[in-house]
2 protein chains.
Amino acid sequence: MEPDEDDRLDRAFVALADPVRRAIVARLSRGPATVNELAAPHPISVQAVSRHIHVLEEAGLVTRTRDAQRRPVHLAPEALERLTAWIDRYRLIHERRFRSLDALLDPDEKDRP
Amino acid sequence: MEPDEDDRLDRAFVALADPVRRAIVARLSRGPATVNELAAPHPISVQAVSRHIHVLEEAGLVTRTRDAQRRPVHLAPEALERLTAWIDRYRLIHERRFRSLDALLDPDEKDRP
DNA sequence: GATGTATTCAACTGACTGGTTGAATACGAA
DNA sequence: TTCGTATTCAACCAGTCAGTTGAATACATC
């Protein structure tokens with residue numbers, strides 16, 4: 001059951017922990033781009049960016065296609081959804097618990113927006 | 001302008017990149033806990049967990065109170081919101097762009113669920 | 001086939017990180 | 001004051017990671 005589901009989530013969090021990779025994701029949200037295009041804004045070598053993209057790919061955050069010698073990179077929004085799902089899960093558990101605590105301390109306000 | 005706003009976001013992403021720290025966040029969503037309580041489920045030393053909590057605190061993901069010699073840790077859901085806000089921002093930009101591309105290629109389906 | 005461009009592979013390096021153990025601090029209880 | 005518990009500080013170590021440069025691969029064009 002769920003062989004590497006946890007692994008994928010972990011890789012996604014690790015991938016977004018790097019500011020360069022987050023910048024790449026931000027750029028890709030506006031459309032696919034090649035490695036060179038993605039490297040241009042950053043003061044690091046193209047090779048380094050290539051490896052960043054590989055990390056994002058392993059995390060399922062991006063996919064790649066072929067176009068002659070180019071390898072355009074595309075955002076894979078499902079992986080981003082998995083991340084927000086994880087975060088929201090615990091955020092909502094916390095919030096729900098908080099509300100019921102409020103209700104406990106202040107029983108008159110049981111039905112509040 | 002926004003002195004360390006970026007820094008806070010970065011620390012939050014880095015903090016959640018570690019599975020132990022994510023487990024701590026998950027546990028705290030069900031209510032505050034002491035360092036010892038948080039360390040119990042993990043096969044590492046209490047000192048190590050103490051440092052994990054410190055990282056979470058620096059990222060603004062948790063806060064701490066005093067109770068005699070205990071230092072209960074509480075979840076700070078606003079930081080989690082900042083994370084989802086970042087992710088959703090680019091996820092939505094991507095999705096919006098995708099829809100308008102669809103409409104361009106297939107102009108008849110302008111109003112689809 | 002030779003050249004140029006886009007990308008990746010390989011080997012190396014310095015910095016950071018997560019773990020350890022041992023000592024220190026803070027506080028309540030006896 | 002002494003003892004026990006909770007937590008943190010400090011020094012150390014091994015592994016990981018992001019960057020580098022140089023060589024290799026893949027493809028289009030000349």
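Every chain is numbered from 1, with letters handed out A, B, ... down the list of sequences.
Using a 4.5 Å heavy-atom cutoff, the side chains of A:Ile44 and A:Val49 are in contact. Residues B:Thr63 and B:Glu57 form no side-chain contact, since every pair of their non-hydrogen atoms from C-beta on lies 4.5 Å or further apart. Using a 4.5 Å heavy-atom cutoff, the side chains of B:Ile24 and B:Arg27 are not in contact. A heavy-atom distance below 4.5 Å is found between the side chains of B:Val25 and A:Trp86.
Listed in residue order, the members of residues 40-53 of chain A having a heavy atom less than 4.0 Å from DNA chain C are A:Gln47, A:Ser50, A:Arg51. Less than 4.0 Å separates DNA chain C from no heavy atom of any residue of residues 9-22 of chain A.
For A:Glu57 and C:dC9, the CD to C1' distance is 15 Å, given to the nearest whole Å. If you measure from atom CD1 of A:Ile24 to atom P of C:dT7, you get 12 Å, rounded to the nearest angstrom. Rounding to whole angstrom units, CZ of residue B:Arg71 and P of C:dG28 are separated by 13 Å. Look at CG on B:Leu38: it is 15 Å from C1' on D:dT8, rounded to the nearest Å. Per the geometry, CZ belonging to B:Arg64 stands 8 Å off C1' belonging to D:dT7, to the nearest Å. For the pair A:Gln69 CD and D:dT29 P, the interatomic distance rounds to 8 Å; values are reported in whole Å. Distance CG (B:Asn36) to P (C:dC27): 17 Å, rounded to an integer number of Å.
With hydrogens and angles disregarded, no donor-acceptor distance shorter than 3.5 Å links the side chain of A:Arg91 to the backbone of B:Leu80.
In this structure, A:His94 has its ring center at least 6.0 angstrom away from the ring center of A:Tyr90.
Taking 4.0 Å as the cut-off between side-chain N and carboxylate O, A:Glu95 and A:Arg99 count as a salt-bridged pair. At a threshold of 4.0 Å, the pair A:Arg11-A:Asp7 counts as salt-bridged, since one of the basic side-chain nitrogens sits closer than that to a carboxylate oxygen.
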